[in-house]
Enquirer: 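Handing you a structure now.
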Amino acid sequence: MNLVLFGGPGSGKGTQSARLIDNYGLFHISTGDVLRDHIARGTELGKIADEIISKGQLLPDDLMIQILDEELEHNAKGVTGVIFDGFPRTIPQAHALEKLLEKHGEKLDAVIGLEVPEEELEARLLNRAKESGRADDTIDVIKKRLDVYHNQTEPLRKHYIGTGLYEPINGKGVVDEITDEIASRLEKRTGVKRRTRR
Ligand code: B4P
């Protein structure tokens, strides 16, 4: 089973991914985590990513597509399925993902859309900032990330509704209940049951 977790900044993609990995034994690719790892290690890519992320912008599509291709090639060989967390974020990235999966004889089974009102997203990210120390969790950068989301990422929602893959989920509420809702929709859609309860 190959899934995309889709939603605004702070919608809970990382939070729900952690649960889906256990529930279905899937391999997790978070492009945000990959970039933060490069920043922490001070690689050339990390230096580029640091500058862009701290401004709340997206990295260029060609660079992100290359990163994803390498992740699939080197780390995801032979896995039963993948959760794509934070990728795609633009229409060109979505087309690239289709091609990459095709190359590996795979396809996307569902796009889980975590739908959360903007005020809630802002509040969560400001709250996360207290502990995470993330350079992109400040009020100005959060506002920029929300703008970028509306302009560059939200059009993907319509794209995936058109393909029939989009599963809208109310992402506001208790984390466990959101996980249950995702599991129930996935079972209806694919017939696959989760191995553990949460
Ligand atoms: P990401 O790492 O993907 O980060 P995110 O959108 O901020 O967070 P996420 O939705 O995972 O939220 P979380 O579960 O942590 O991206 C960071 C940056 O990397 C991007 O801005 C961009 O610059 C760059 N980047 C990444 N991928 C890219 C791509 N494909 N192309 C170009 N650039 C890319 O949840 C947030 C907070 O809410 C947490 O504190 C959590 O505890 C809390 N929370 C979660 N669920 C909750 C709930 N139900 N109720 C209350 N709080 C909840």
Side-chain angles (χ1 to χ4, degrees), residues 3-21 28-40 45-72 82-98 100 111-157 169-182 198:
L3 305 176
V4 164
L5 269 187
F6 178 82
S11 56
K13 300 183 292 291
T15 305
Q16 294 298 332
S17 287
R19 286 141 179 272
L20 293 173
I21 297 164
H28 178 219
I29 299 179
S30 156
T31 40
D33 285 351
V34 171
L35 297 173
R36 282 186 289 277
D37 177 58
H38 276 275
I39 295 172
L45 169 61
K47 284 176 198 152
I48 299 169
D50 195 16
E51 212 183 310
I52 297 174
I53 290 177
S54 60
K55 288 188 195 139
Q57 290 164 347
L58 297 181
L59 274 88
D61 284 334
D62 52 352
L63 187 55
M64 286 313 303
I65 292 164
Q66 191 194 328
I67 293 168
L68 190 86
D69 193 10
E70 282 168 15
E71 282 290 312
L72 283 174
V82 180
I83 301 176
F84 296 94
D85 163 4
F87 190 101
R89 264 177 155 94
T90 62
I91 296 278
Q93 289 185 15
H95 291 314
L97 180 61
E98 276 154 39
L100 285 175
V111 174
I112 306 292
L114 294 170
E115 305 199 337
V116 180
E118 188 152 329
E119 321 79 71
E120 167 86 7
L121 294 178
E122 266 185 39
R124 283 185 191 179
L125 293 174
L126 283 174
N127 194 39
R128 179 171 74 183
K130 290 179 199 153
E131 282 160 23
S132 72
R134 268 174 57 166
D136 56 347
D137 283 345
T138 61
I139 188 68
D140 289 348
V141 181
I142 290 168
K143 288 202 183 294
K144 176 71 192 166
R145 287 162 71 196
L146 287 167
D147 274 356
V148 167
Y149 171 72
H150 291 311
N151 293 328
Q152 298 184 50
T153 306
E154 218 169 23
L156 270 181
R157 185 174 173 274
I169 301 284
N170 177 7
K172 190 178 170 187
V174 179
V175 172
D176 280 345
E177 287 173 6
I178 297 168
T179 311
D180 289 347
E181 184 59 24
I182 295 174
R198 293 173 188 150

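Indexing begins at 1, ligand by ligand and atom by atom, following the structure's order.
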Enquirer: With the threshold set at under 4.0 angstrom, would you say Leu59 reaches ligand 1 through any of its heavy atoms?
Expert: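 True for this residue.
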Enquirer: Using 4.0 Å as the upper bound for N to carboxylate O, is an ion pair formed by Arg36 and Asp33?
Expert: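 Salt bridge flag = yes for Arg36 with Asp33.
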Enquirer: In the protein, which heavy atom is nearest to atom 48 (C) of ligand 1, and how far is it?
Expert: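 So the nearest neighbour among protein heavy atoms is Arg124 NH2, 3.3 Å.
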Enquirer: Name the closest protein heavy atom to atom 6 (O) of ligand 1, giving the residue it belongs to and the distance to 0.1 Å.
Expert: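 Looking only at protein heavy atoms, the one closest to atom 6 (O) of ligand 1 is Lys13 NZ, 2.9 Å.
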Enquirer: Going by the closest heavy atom to atom 26 (C) of ligand 1, which one wins out of Arg128, Gln57, Lys55, Arg89?
Expert: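 Ranked by closest heavy atom to atom 26 (C) of ligand 1, first place is Arg89.
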Enquirer: If you look at every heavy atom in Leu5 and Ser17, which pair is closest and at what distance?
Expert: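 Heavy atoms of Leu5 and Ser17 come nearest at CD1-OG, 3.1 Å.
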Enquirer: Among all protein heavy atoms, pick out the one at the shortest distance from atom 11 (O) of ligand 1; state its residue, atom name and that distance to 0.1 Å.
Expert: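 Ranked first by proximity to atom 11 (O) of ligand 1 is Gly14 N, 2.8 Å.
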Enquirer: Is the shortest heavy-atom distance from the side chain of Val148 to the side chain of Leu58 under 4.5 Å?
Expert: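 Yes, side chains in contact.
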Enquirer: Any idea which protein heavy atom is nearest atom 7 (O) of ligand 1, and the distance to it?
Expert: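 Minimum-distance protein heavy atom for atom 7 (O) of ligand 1 reads Arg145 NH2, 2.5 Å.
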Enquirer: Could you tell me whether the side chain of Phe84 reaches within less than 4.5 Å of the side chain of Leu97, counting heavy atoms only?
Expert: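 Of all side-chain heavy-atom pairs linking Phe84 with Leu97, at least one is under 4.5 Å.
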Enquirer: Just wondering, do Asp85 and Val4 contact through their side chains at under 4.5 Å, heavy atoms?
Expert: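 Sidechains of Asp85 and Val4: no contact.
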Enquirer: Between the side chain of Lys13 and the main-chain N/O of Gly8, is any donor-acceptor distance below 3.5 Å?
Expert: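 Flag set: sc Lys13 to bb Gly8 pair under 3.5 Å.
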Enquirer: Below 4.0 Å from ligand 1: does a non-hydrogen atom of Gly7 turn up there or not?
Expert: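 It does not; every heavy atom stays at 4.0 Å or beyond.
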Enquirer: Restricting to side-chain hydrogen bond (donor to acceptor under 3.5 Å, both in side chains), what partner residues turn up for Arg89, sequence neighbours left out?
Expert: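 Applying side-chain hydrogen bond (donor to acceptor under 3.5 Å, both in side chains) to Arg89 gives none.
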Enquirer: With a cutoff of 4.0 Å, is Gln16 in contact with ligand 1, counting heavy atoms of the residue only?
Expert: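 In this structure, Gln16 fails to qualify as a contact of ligand 1 - no heavy atom is under 4.0 Å.
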Enquirer: Any salt bridge linking Glu115 with Lys172? Criterion: basic side-chain nitrogen under 4.0 Å from a carboxylate oxygen.
Expert: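 Salt bridge absent between Glu115 and Lys172.
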Enquirer: What protein heavy atom lies closest to atom 8 (O) of ligand 1? Include the residue and the distance to one decimal.
Expert: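 Heavy-atom neighbour on the protein nearest atom 8 (O) of ligand 1: Gly10 N, 3.6 Å.
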Enquirer: Would you call Lys144-Asp136 a salt bridge at under 4.0 Å N-O?
Expert: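 A salt bridge is absent here (no side-chain N lies under 4.0 Å from a carboxylate O).
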Enquirer: Hey, does Glu131 sit under 4.0 Å from ligand 1 if you only count heavy atoms?
Expert: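 Flag not set, Glu131 not near ligand 1.
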Enquirer: Give the intermediate values and the outcome of side chain to side chain contact (heavy atoms under 4.5 Å, CB included) for residues Leu68 and Val34.
Expert: CA-CA 9 Å; Leu68 190 86; Val34 171; over 6 Å; no
Enquirer: Hey, does Asp136 come in under 3.5 Å of ligand 1, counting only N/O atoms on both sides?
Expert: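 Min N/O separation from ligand 1 is not below 3.5 Å for Asp136.
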Enquirer: Do side-chain atoms of Thr90 reach the backbone of Gln152 as a donor and acceptor pair under 3.5 angstrom?
Expert: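 Side chain of Thr90 to backbone of Gln152, a donor-acceptor pair under 3.5 Å: no, none is there.
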Enquirer: Is Ile178 touching ligand 1 with its side chain, its backbone, both, or neither, if touching means heavy atoms under 4.0 Å apart?
Expert: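 It is the side chain that touches ligand 1; the backbone stays farther off.
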Enquirer: Please name the pair of heavy atoms, one in Ile142 and one in Leu125, separated by the smallest distance, quoted to 0.1 Å.
Expert: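 Heavy atoms only, the tightest pair is CD1-CB, 3.5 Å.
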Enquirer: When you look for heavy atoms under 4.0 Å from ligand 1, do you find them on the side chain of Lys172, its backbone, both, or neither?
Expert: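 It is neither; nothing of Lys172 touches ligand 1.
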Enquirer: Please list the nearest protein heavy atom to atom 27 (N) of ligand 1 with its residue and the distance rounded to 0.1 Å.
Expert: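 It is Thr31 OG1, 2.8 Å.
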Enquirer: Quick one: look at Arg134 and ligand 1, take heavy-atom pairs under 4.0 Å, and tell me if it's side chain, backbone, both or neither.
Expert: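 The side chain, only.
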Enquirer: Compare every heavy atom of Ile52 with every heavy atom of Pro60, then report the nearest pair and how far apart it is.
Expert: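 The pair with the smallest heavy-atom distance is CD-CD1, 4.0 Å.
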Enquirer: Is any N or O atom of Gly173, backbone or side chain, closer than 3.5 Å to an N or O atom of ligand 1?
Expert: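 Min N/O separation from ligand 1 is below 3.5 Å for Gly173.
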Enquirer: Nearest non-hydrogen contact with atom 25 (N) of ligand 1 belongs to which option: Ile65, Ile142, Leu35?
Expert: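 Among Ile65, Ile142, Leu35, the closest heavy atom to atom 25 (N) of ligand 1 comes from Leu35.
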Enquirer: Among all protein heavy atoms, pick out the one at the shortest distance from atom 41 (C) of ligand 1; state its residue, atom name and that distance to 0.1 Å.
Expert: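 Of the protein heavy atoms, Thr15 OG1, 3.7 Å lies nearest.
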Enquirer: Distance under 4.0 Å to a non-hydrogen atom of Pro9: what atoms of ligand 1 satisfy this?
Expert: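 Here the atoms of ligand 1 in question are 6 (O).
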Enquirer: In terms of heavy-atom contacts, does CD of Glu154 have more than 12 from other residues, nucleotides or ligands at under 6.0 Å?
Expert: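 Correct, the count exceeds 12.
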Enquirer: I want to know if ligand 1 touches Gln93 in the polar sense, i.e. an N/O pair below 3.5 angstrom.
Expert: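 Yes.
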Enquirer: Would you say ligand 1 has an N or O under 3.5 Å from any N or O of Gly56?
Expert: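 Between Gly56 and ligand 1, no N or O pair is found under 3.5 Å apart.
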Enquirer: Only counting residues at least two apart or in another chain, list the ones meeting side-chain hydrogen bond (donor to acceptor under 3.5 Å, both in side chains) with Glu120.
Expert: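 Glu120 satisfies side-chain hydrogen bond (donor to acceptor under 3.5 Å, both in side chains) with Arg124 only.
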Enquirer: Looking at atom 19 (O) of ligand 1, what's its closest protein heavy atom, distance included?
Expert: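 The closest one turns out to be Ile53 CD1, 3.6 Å.
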Enquirer: Consider ligand 1: state whether an atom of it lies below 4.0 angstrom from any non-hydrogen atom of Arg36.
Expert: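 Arg36: in contact with ligand 1 (<4.0 Å).
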Enquirer: Determine whether a donor-acceptor pair (N or O, by modelled atom type, separation under 3.5 Å) exists between the side chain of Asn127 and the backbone of Ala123.
Expert: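 It does not hold such a pair.
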Enquirer: State the atoms of ligand 1, each with its element, that fall below the 4.0 Å cut-off from a heavy-atom position in Gly86.
Expert: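 Matching atoms, with element in brackets: 27 (N), 28 (C), 29 (C), 30 (N).
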Enquirer: In terms of atom number and element, which parts of ligand 1 are under 4.0 angstrom from non-hydrogen atoms of Ser11?
Expert: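 Under 4.0 Å from Ser11, ligand 1 has these atoms: 10 (O).
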Enquirer: Give yes or no for whether the N/O distance cutoff of 3.5 Å, strictly under, is met between Met64 and ligand 1.
Expert: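 Looking only at distances, the answer is no, because the N/O contact criterion of under 3.5 Å is not met.
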Enquirer: Under 4.0 Å from a heavy atom of Phe87: give me the atoms of ligand 1 that qualify, with their elements.
Expert: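 Those qualifying, in numeric order: 30 (N).
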